[in-house]
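Here's the structure, in structure tokens; my notes come after.
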Amino acid sequence: MNDLFTWTALGSVAGASAATLLTANVVGGLLGPNSDEARKWIALGVALTLSYATAAFATEAGGEKWLIAFFNGLVIFSAALGVNQLPPANRQPTQASAGQLAQGREPRFVRSWV
């Protein structure tokens with residue numbers, strides 16, 4: 001159990017980003033191939049939820065922790081999203097965006113949904 005997610009790992013940027021990416025891709029995969037827009041909102045919601053949950057447990061911080069939690073949520077979202085994919089020129093075309101799948105190939109589970 002110590003090799004999987006822990007509360008300490010979820011409180012880190014790397015752990016929260018991984019949880020955000022996994023949640024968005026799993027839920028988006030369950031919703032279907034046209035869920036790219038939903039994946040973005042799911043990822044933002046998970047990132048902000050994890051950030052605010054971490055802030056709620058920070059007892060030594062003052063009231064400014066809620067503002068900082070918002071920006072930390074954006075950092076988590078950006079890390080999960082892949083900041084290097086934000087400019088359209090950096091994005092790889094996906095099979096779904098082309099409107100058709102290549103012969104004999106299934107869509108990837110983790111793909112760019114930017």
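The figures here come from the full heavy-atom set of this structure, side chains too, leaving out hydrogens, waters and symmetry mates.
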Side chain to side chain contact (heavy atoms under 4.5 Å, CB included) test vs Thr20 passes for just one of Leu81, Asn25, Ile76, namely Ile76

On a heavy-atom basis, the closest approach of Ala16 and Leu50 is O-CD1, 3.8 Å

In short, Ala79 meets Ser17 closest at the heavy-atom pair CB-OG, 3.1 Å

Taken to the nearest 0.5 Å, the spacing of Lys65 NZ from Phe57 CZ works out to 10.0 Å

Between Leu31 and Ala38 the two heavy atoms that sit nearest each other are CD1-CB, 4.1 Å

Worksheet item: Going hydrophobic residue to hydrophobic residue with side-chain gaps under 4.5 angstrom, can you get from Trp41 over to Phe70?
Response: yes

Has Ser51 got a side-chain atom pairing as donor or acceptor with Ala47's backbone, closer than 3.5 angstrom? no

For Gly32 and Ser35 the tightest heavy-atom approach is O-OG, 2.7 Å

Would you say Ile68 and Leu74 are hydrophobically clustered, going by side-chain heavy atoms of ILVMFWY under 4.5 Å? no

Same cluster (ILVMFWY, side-chain, under 4.5 Å), Tyr52 and Leu44
yes

request  = Is it possible for you to say whether Val13 and Phe77 belong to one hydrophobic cluster, with membership spreading through side-chain heavy-atom contacts below 4.5 Å?
outcome  = no

With a 4.5 Å cut-off on side-chain heavy atoms, are Asn72 and Thr54 touching?
no

Nearest heavy-atom contact between Trp66 and Ala55 is CZ3-CB, 4.0 Å

